[in-house]
Amino acid sequence: MFLKKYISEIWRAVKSLLKGMKLTGYYFTHHKEIITQNYPEVKQPLPERFRGEVVLIHDENNEHACTGCTACELACPNGTIKIITKFDVSAEGKKKKALDTFVYHLELCTMCNLCIEACPTSAIKMAQNFEHSVFNRNDLTKKLNKPGSKIREGVE
Amino acid sequence: MKAVDIIFYCIAIFVLTTGVLAVTTRKIFRSAIWLLFCLMGVAALYFWMNANFIAAIQIAVYVGGIVVLIIFSIFLTQQSGNQMPKPNFLRIIVASITSLIGLGLMLQLFAKQTFKTTNKNFDIDIATLGKQLLSTDANGYALPFEVISILLLAAMVGCIVIAMKPKTQL
Amino acid sequence: MLSLETITNNVHDWLNSHVSNTWATIIEMVIVGLLVIGLFAILGLILVLMERKVSAFMQIRVGPNRVGFKGSLQTLADTLKLVLKEGLTPKGADKFLFNLAPYIVMCAAMLILAPIAFANNFQIWDINIGVLYISSISSISVIGILMAGWASNNKYSLLGAMRSGAQIVSYELSAGFSVLCIVILTGSLKISDIINAQQNGWFIFKGHIPAIISFIIFIIAVTAETNRAPFDLAEAESELTAGFHTEYSGMKFALFFLAEYVNIFVVCAIGAILFFGGWMPLHIGNWHGFNHIMDYIPSSLWFMLKVFGLIFLIMWFRWTFPRLRVDQLLNLEWKYLLPLSLVNLLLMTIVAIMGWYF
């Protein structure tokens with residue numbers, strides 16, 4: 001019958017609308033359900049394998065393990081890394097290739113991890129820092145070796 | 001001059017200006033908007049006269065109904081944003097002569113007619129209005145009311161018939 | 001006891017004793033105008049903040065929480081931003097109508113405030129056709145929307161304006177019918193009469209079944225009339241970017257935004273007056289003790305509580321239901337709401353004639 005169908009349609013519509021309103025009403029009154037976090041104050045722990053930027057590992061003596069072999073520069077698919085080398089003169093008067101500047105273009109990096117895998121001495125690693133925003137684009141070109149740092153003894 | 005007179009002349013100037021603009025502008029949408037302002041000015045005159053009911057009906061029927069319909073039909077016709085072509089000279093002449101004749105007739109009527117001023121309060125309550133609308137007395141409006149409602153019913157049935165799809169198409 | 005009524009009476013007496021009657025009237029008009037503008041500004045700030053907080057909690061978020069205490073000054077900051085922005089007029093737009101449209105919408109919203117009673121004897125204009133006046137003036141705002149849509153010279157704006165026009169014109173019918181139900185119970189269109197008739201109980205209780213049905217129809221129809229979700233096809237940000245106000249920026253956009261929220265306030269105020277007794281405290285029949293206790297709460301507070309309750313209901317709708325399609329929208333009105341409200345009007349008439357109400 002037409003009228004019966006008409007009224008039951010209205011009844012079903014009202015019921016489904018009330019069901020939806022019940023759920024949102026529940027969320028409105030239960031603030032503990034809130035899943036967002038106040039970002040700068042509360043930072044969620046990042047996953048272990050999260051890759052944020054490339055850093056050169058320095059120990060407490062301001063020494064790193066980079067030999068300046070440019071393996072990472074060759075491995076990089078989009079020219080993010082530029083290694084500038086120099087020649088150190090050792091005590092015996094022997095010339096030795098060493099790292100002068102580790103130039104890292106963060107704006108080009110895709111965090112693909114190929115440079116870390118290519119490094120023979122495990123001198124670089126991926127850090128978890130992700131807050132990279134700066135006011136000047138040039139600030140994204142970074143020098144990774146700290147001033148005055150030198151290669152650790154015994155790393156070939 | 002009292003404040004009441006000043007308000008009357010302000011409203012009258014508004015109505016006349018918008019009325020003239022409505023027929024002289026060459027953009028059809030603007031013409032509709034000027035017409036709208038003209039009708040609202042008339043409603044303001046009714047409010048000024050304390051005839052609240054007729055003013056509200058004026059706004060509800062003309063502004064809410066008729067001007068919206070006009071604007072809809074303007075939207076649905078093509079190139080409503082373009083300027084209309086200038087009317088030819090003969091038409092302007094004919095139109096101005098007709099309107100001048102109309103004006104002359106009106107002025108003559110006004111001159112003959114003597115307007116009585118009344119001190120009766122115009123603030124009629126709704127119950128009296130309703131009874132007047134439905135009364136069958138000498139001054140009642142029952143017959144026109146019913147005739148108009150039958151006319152509207154016929155128009156509505158006609159609309160439904162036109163809009164209805166034939167069964168075979170379904 | 002200090003109430004809004006005594007304040008207005010004192011101001012009126014003081015003005016009349018110091019200046020001539022004409023000037024007193026003019027000064028009172030200016031004061032009323034300033035109060036209305038001030039009310040608009042405050043309402044805009046409060047309602048936008050309320051909407052953002054309500055939506056946030058319903059969507060399991062926190063919402064604005066930086067500016068001021070728990071984000072309480074967020075809307076003030078937003079307004080400052082809007083004031084500083086440039087008001088652009090697109091190329092090819094009809095400049096005059098484009099700039100006029102926001103003011104038309106605002107003026108319509110302001111005019112509807114006139115017959116609304118905010119507290120006991122605190123009303124701008126107790127016009128004898130109050131309810132009819134409201135429903136006729138509210139049809140002006142659709143003209144502003146159509147004007148904005150056409151003058152922007154933008155296809156999205158035009159589509160949004162046309163949708164909104166069709167929507168408002170059709171939903172005005174069922175809103176009008178549900179208002180008529182209450183008018184049948186009171187036998188008067190005057191707002192103060194309608195409120196005074198609810199002395200011994202609000203109409204939603206006094207008129208029981210037909211009043212509840214007409215309240216439901218009313219709240220659906222006014223949600224559609226104010227262009228709010230689930231009936232926000234005129235704006236429909238996922239289809240039409242922003243509908244009729246796509247091209248507006250800066251303060252002109254803010255005026256549209258403000259008018260939307262003021263319209264919500266106005267329709268909720270009308271709903272509160274018609275169904276929940278306006279400023280009338282909760283009275284139950286002849287329980288004089290109970291009624292007397294309720295009278296201690298100021299009438300303006302009662303009014304605001306009811307209005308904000310209804311506003312919350314409309315916001316609840318917005319953040320729960322998905323948007324309707326155009327054909328569904330018109331189906332709902334012409335196939336369900338209109339027949340139902342006609343039948344309900346008949347039912348209410350029978351109830352009123354037989355005296356089956358309390």
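Below, chains carry the letters A, B, ... as their sequence lines are ordered, and counting in each starts from 1.
In terms of modelled atom types and a separation under 3.5 Å, the side chain of A/E73 and the main chain of A/I83 share a donor-acceptor contact.
Residue contact with chain A, scored on non-hydrogen atoms closer than 4.5 Å, involves the backbone and the side chain of C/Y336 alike. The contact between A/I35 and chain C is made by backbone and side chain atoms together, counting heavy-atom distances below 4.5 Å. Residue contact with chain C, scored on non-hydrogen atoms closer than 4.5 Å, is absent for A/L23.
Residue C/K335 qualifies as open at atom NZ: its count of foreign heavy atoms under 6.0 Å is 12 or below.
Note: C/F257 and C/Y261 meet the aromatic proximity criterion, with ring centroids under 6.0 Å apart.
For the set A/H30, A/E9, A/Q37, the entry with the most heavy-atom pairs within less than 4.5 Å of chain C is A/E9.
Atom CG of residue A/L3 and atom OG of residue A/S8 lie 10.0 Å apart, to the nearest 0.5 angstrom.
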